[in-house]
Structures are given as structure tokens and as C-alpha cells.
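Some notes on the structure that comes next.
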Amino acid sequence: MGANSSSISELPENEYLKKLSGAEPISENDPFWNQLLSFSFTTPTNSADLKLLEEATISVCKSLVEKNPRTGNLGSLIKVFLSRTKELKISAECQNHLFIWQAHNALFIICCLLKVFISRMSEEELQLHFTYEEKSPGSYGTECEDLIEELLCCLIQLIVEIPLLDITYSISLEAVTTLIVFLSCQLFHKEILRESIIHKYLMHGRCVPYTSRLVKTLLYNFIRQERSPPPGTHVFQQQTDGGGLLYGIASGVATGLWTVFTLGGVGSKSSPQLEQCSPLANQSLLLLLVLANLTDAPDTPNPYRQAIMSFKNTQDNTAFSSSNPHAFQINFNSLYTALCEQQKSDQATLLLYMLLHQNGNVRTYVLARTDIENLVLPILEILYHVEERNSHHVYMALIILLILTEDDGFNRSIHEVILKNITWYAERVLTEISLGSLLILVVIRTIQYNMTRTRDKYLHTNCLAALANMSAQFRSLHQYAAQRIISLFSLLSKKHNKVLEQATQSLRGSLGSNDSPLPDYAQDLNVIEEVIRMMLEIINSCLTNSLHHNPNLVYALLYKRDLFEQFRTHPSFQDIMQNIDLVISFFSSRLEQAGAELSVERVLEIIKQGAVALPKDRLRKFPELKFKYVEEEQPEEFFIPYVWSLVYNSAVALYWNPHDIQLFTMDSG
């Protein structure tokens, strides 16, 4: 995206901006506003262009911060915008480009100013700036309307009521972005904001009746993924002389109003990446996540979270609960399709997690889908490319799998879905494999990656919990999946022996010296033994519940039978080893009776016959393995910084100076 630096550099000297930020108050009825708002350029859609714009206009913003208490020009600008939005809906229906164009420009300037104000002052100071108005000497200010609430309500109304057309796309996007900017005060605080002025406006008073409509509209913006219309759609046609971006205004406003500058340029070609994305869908999803993660007020639960927790399918005819006034209906089929298609982004994965975890209607619908592979495969790809993803994205994907595996129907159905040619799985050519076996392969690969790189116990625990939930329902495991289960156990066994040897050597060394403290090998040993125990329980669960369905696992078990020898008499594993030892002994005996030099096919045939012959009552029953995802206490301490890191790192439409950010360090995003 190009940028005309020389033109942008002239913005601080632009006469209209200088007048706006100057010492003279401007009445909201002054013709000046028509002149100020009659500029034209493609609204920046990435943070790099916005950085250029902010750097060029920072002196103007600083001047307005200083002069506004005396002039009240910020309030006048907002009142001009509010007056123009009253007829926006009619303007859209009548294709009144000029009216929409100027309203958009007013909101764009407000958003740019707000971002600077919020980054440089407290909410209390910001609130004061909205109350300043021109005072003549000796006069007393009358009780003025609450401009912040007025503006917030207006933005919400604009989002939910203005039809989304080519000519309204830009102003709809600007309204969503401005709401995000209003809430961005969180970025400039290290602690989670629990008592915020902006939060109060959004969770009480005039904004609250729009809660369900706002959440519904933001969801539909995400679902529809409407692409940005061609640059210049919302304004008049460009002059044919090719001399710039200014337009003759039929209403008689003078040309030459702003120094010409271009950010991308009307009529310039957008990159292929921009052609494929929807800035409105992206910003709508980010705003939805921010709203859903606002902390509850002392006397009021977050209404936006309530709306997300309770919305229903349009085909659901049951009555809404009277206890939740924010419930609504949405097309679940369209939502499901969008969620399947958008999982490459952190924010779409986070939305899927929230819906599965908090909305029982969505969870029930998803688990009943007969094309569940369309959702699971993108999640598996996230985990498979763990090296390229940030840790939060990986966690969300893993927790989604854990939530899905809590359902026995899901655990059964994934082994019935047969996939062909999984091209992104590089370790081995998989021409045909069940979704269940692929899921096992990817989760085991994630565990092995974690063991060698990040060594995160939380990630280990959730991976093993998902495998444990599925284990009783393992069916027709692919031979490679069966091998990888035993290979993981082999890796754990070697690690156990290594830690045990290090502990022994350390103990011997300490007998001759009391100077240095001993490394805590006991703790390391305890952790690795917990993981080994879990793996043995997973294998045991499969053998006791579905032995006859999994000859490949029995084959892999027999092939590596020596691995289990050392754990037979280990006090931590003796009980769980009984069944595994019995299975190994039973099938080893049958193979010995069949003679030497047996082919793989013959061995599998003997295993299948033996599985039928083995009396089920000989296998000791253990409690069913079932793990349920439980959100940690004070989840906002994780989710709020995570959501704002997504907003900060989004390539679309926002830029903040990294030196101003307090909520997280730059490497946490």
C-alpha cells in the first residue's frame, strides 16, 4: 500500500486542522464543518498506514488536548456528527453519497482524536473533555447532555440499524473501530479494569437495550465476511484529470479544502491479501471478544457475555428464558460454516472456544453435526503447526478438543469418518485414516513437541486428558496411530530412566560434599511418573473397553512388550499393569503356539481371533477415564490481556505506540 509522505507531512500545517485545534471556539452551526469534512481518501486499513497518519497529526491532537477546555471544539465536532447520523438510514436508502461521506469523515476524525486522548489521559480527564463548551465571560454553564453516552449509543445504533451496503461499509467499519478505541483504556493499565467509566455506560443506561442486537449484528458481520468494497465507493467519482483525490462538491463547498494526501489511494490496486479479507468482519469479531470479556459490575453481570451464552438457533422454537432479556436467535448453520472456515485466526478460535464452553445450544448443535471433520481438521492443523502458532492459540485449540472429547457420541463418531490424503501431515503419507486416528496422532505429536521444547505441564495435562476421554471409544486405530501411542510411552520410559539415573548420581555425589544444594529430581520424577501412569491408564482403558476393535494396538503392544517389563513391579503402576500384562501374556502365548516367522497379516489374524477368545471377566475393571474442562478462577486475568493482544496485533485499522502499552509486554502477543 503506497503512501505520499510529502503530502502527509503537510497535515500539521493544514488550515482546517489548525483551526479545529486552535484557540477559537467553532459553533456546531459554522459552515467550517462542511469544509473540514469534505476530504477524500481511502481510509487506512492497516496499522502501518495509521502509524504514518498518527505521526503526522500528533501535533494537531496535542494542540486540541491543550485548547479544548477553552474552546469545546471536540464537543462541537461530536455534536455535528450526532446531528448528521440522525438521517443516515434514510441517506443509505436514498443512496445519498454526500451525506454518508461527510458523516464517515466526521467519525474518522473523532476516532483518530479519541485514540490519542485515551492514550494520554485518565478516563476522568477524558470525561471532562466531553463536557467542555464555549463559555462567554461571566456566564455559567448549563447542565449539558452526557456526550459520551450520546456518542456510544449513536455508534451502537449505527452498527445495528444502518443497512450494510457498499456506500455504508466504511462508516459501519469506522463505528465498530471507534467502539474498540473507546474501550482501549484497558491497554494503558497493567491491572484488569473492574471499575471503568466506559464499561458503566455500556452495561447500564441507554446502551443496554441494544445488547442483543449489537451482539447479533457483530456475529452476522463475522459470518458474512463481507469484503471491503472497491476504494472510493462511498464518495463521488474521481476527477478524470488524474490530478488527485479531491472531489467537486455539488453543494458548493470549495475545492482544495485539504492538502491532498493518499493512504492506499482511491482507485489504487489492493494487495491479494486485502482482497481476500474482510476488515469489517475482523473488527466486529474483535469488538465482540472485547465486550464479552468485560468484567462484571458489582451489581450487574456482563450483558454481552449473557447474550453470547444464551442465543439460540433460528430453527429452535422453544420459548426464551425470562431470566435473560438479552437472548436472541441466529442461523447456526451459517455460524458453523464461518467458524470452520476462519480457524486460521486466533480470534476465530477464541470465539469457538467461548461458544462451546459457554453456550450449551451451540455445543449441542456442533456435536450433532454429521460433518464434524470440517471443524476438527482446522483445529488439528493449528496443533500440527505448533511451531508457527503462539502459545495462546495452541491452548485454545487444545481446550476445544478437550471440550469436544467430553462427549461420548463425538468420541465414537470421529472413528467412523474416513479421510483421504491429509496433505499437511508431513511425517508420513496418510492416504486413508479415520478422523479419530488422525486426532490421536496430532495430540501425541503435540505432547512430544512439548516434551522437547516448551515443557509446559498445563499443555501436557490437557493433551493427555483429551486422549483419556477418547480411550474407551478407540475404534479401528490406524497402525501408525497405534505405533505412536506405544512410541510415546517408550519416550516417557527413557525419560523416566534418565531422571532416575540423574537422581542416583546426584545422591552419590552429595555424600562427599555438603556445599551445593541438590537439584529437585524428586519433583521431576514425580511429574514424569504421573504422565506414565496416565499413558498406562489410556492403554488400559482401550484394552478393557474395545480390545476386539483395536488389533493394531495389540500388535504394537506385543512388538514393544519389553518396554513394560520394568513397570510390572513398580509400586506406582502395579495395579494398572495387571491388565496390560495379562493381554501381553495371553497373545504372546497364542503367537508362540502358531509357530515362528509369522507374517504381519497372520499375526493380526491371530490377534483378532484371540480378542474374541479372551474372557472379558479376566480383565479388571477400573473407573472410567473422564476429564472435564474447568475454567480457572479469575479467567479474566488470562483472557483480557489475550484479547487485547489480538486487537493490538491485528493488521487491520488500528495502531498504538508500543511504548504506551501497559497491559502486556510486546512479546506476549
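Just so we're clear, the structure is a prediction, and the values are computed from it rather than from any experiment. Worth knowing before you read on, the calculation uses all heavy atoms, side chains too, and leaves out hydrogens, waters and symmetry mates.
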Salt-bridge contact Arg120-Glu125 (side-chain N to carboxylate O under 4.0 Å):
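Salt bridge absent between Arg120 and Glu125.
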- Salt bridge Glu54-Lys115, side-chain N to carboxylate O under 4.0 Å: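 Yes.
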Could you tell me whether the side chain of Leu288 reaches within less than 4.5 Å of the side chain of Leu214, counting heavy atoms only?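 In short, these two side chains do not touch, never coming nearer than 4.5 Å.
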Tell me, do Leu280 and Gln225 make a side-chain contact under 4.5 Å, heavy atoms counted?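 No, side chains not in contact.
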_Worked verdict on Phe222 versus Ser278 for side chain to side chain contact (heavy atoms under 4.5 Å, CB included)_ = CA-CA 9 Å; Phe222 165 70; Ser278 168; over 6 Å; no
Tell me, please, which residues at least two apart from Leu367 pass side-chain contact (heavy atoms from CB on, under 4.5 Å).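 Arg363, Leu404, Asp407, Phe410.
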Is it true that [Y] and [X] share a donor-acceptor pair across their side chains at a distance under 3.5 Å?
X      : Y      : answer
Asp346 : Tyr642 : yes
Arg84  : Asn105 : no
Asn282 : Ser650 : yes
Asn361 : Asn313 : no
Gln283 : Thr177 : yes
His393 : Thr349 : yes

Is it the case that atom CD in Glu388 sees more than 12 heavy atoms from other parts of the structure closer than 6.0 Å?
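Atom CD in Glu388 is packed in, count exceeds 12.
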**Asked** For Ala292, does its backbone N or O pair with a side-chain atom of Arg305 as donor and acceptor, under 3.5 Å?
**Response**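 Indeed, once roles are kept as given, a pair shorter than 3.5 Å links the two residues.
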Give a yes or no on whether the backbone of Ala327 and the side-chain of Lys312 come within a donor-acceptor separation of less than 3.5 Å.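 It does not hold such a pair.
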| said: The test is side chain to side chain contact (heavy atoms under 4.5 Å, CB included); show your working for Leu352 and Ile379 and say whether it passes. | reply: CA-CA 10 Å; Leu352 175 58; Ile379 298 299; 3.9 Å; yes
Given Leu356 and Ile399, is the side chain to side chain contact (heavy atoms under 4.5 Å, CB included) satisfied, shown in steps? CA-CA 10 Å; Leu356 288 175; Ile399 291 168; over 6 Å; no
Could you tell me how the ring of [X] sits relative to the ring of [Y]: parallel (under 30°), tilted (30 to 60°) or perpendicular (over 60°)?
X      : Y      : answer
Phe182 : Phe130 : tilted
His104 : Phe108 : parallel
Tyr384 : Tyr425 : tilted

- Query: Say you draw a straight line from OG of Ser284 to CD1 of Ile159; how long is it, rounded to the nearest 0.5 Å?
  - Reply: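 Answer rounded to 0.5 Å: 7.0 Å.
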* Can you tell me how far CG of Leu107 sits from CZ of Phe81, rounded to the nearest 0.5 angstrom? ->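 Output value for this atom pair is 4.0 Å.
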Give a yes/no verdict on a cation-pi contact between Arg213 and Tyr210, requiring under 6.0 Å between NZ or CZ and the six-membered ring centre and an angle within 45° of the axis.
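No cation-pi geometry.
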Result block: side-chain N/O donor-acceptor pairs under 3.5 angstrom for residues 198-205, not counting sequence neighbours:
from   : atom 1 : to     : atom 2 : distance (Å)
Tyr201 : OH     : Gln127 : NE2    : 3.0
Tyr201 : OH     : Asp146 : OD1    : 3.1
Tyr201 : OH     : Asp146 : OD2    : 2.6
His204 : ND1    : Lys200 : O      : 3.3
His204 : NE2    : Thr300 : OG1    : 3.2

Centres of the His326 and Tyr304 rings: under 6.0 Å?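 That pair fails the under 6.0 Å test.
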Carefully, step by step, assess Phe32 and Asn34 under the rule side chain to side chain contact (heavy atoms under 4.5 Å, CB included). CA-CA 5 Å; Phe32 161 81; Asn34 275 337; over 6 Å; no
Set of residues satisfying salt bridge (charged side-chain N to carboxylate O under 4.0 Å, His left out) with respect to Glu28, sequence neighbours excluded
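Testing Glu28 for salt bridge (charged side-chain N to carboxylate O under 4.0 Å, His left out), a comparison that skips the adjacent residues, returns none.
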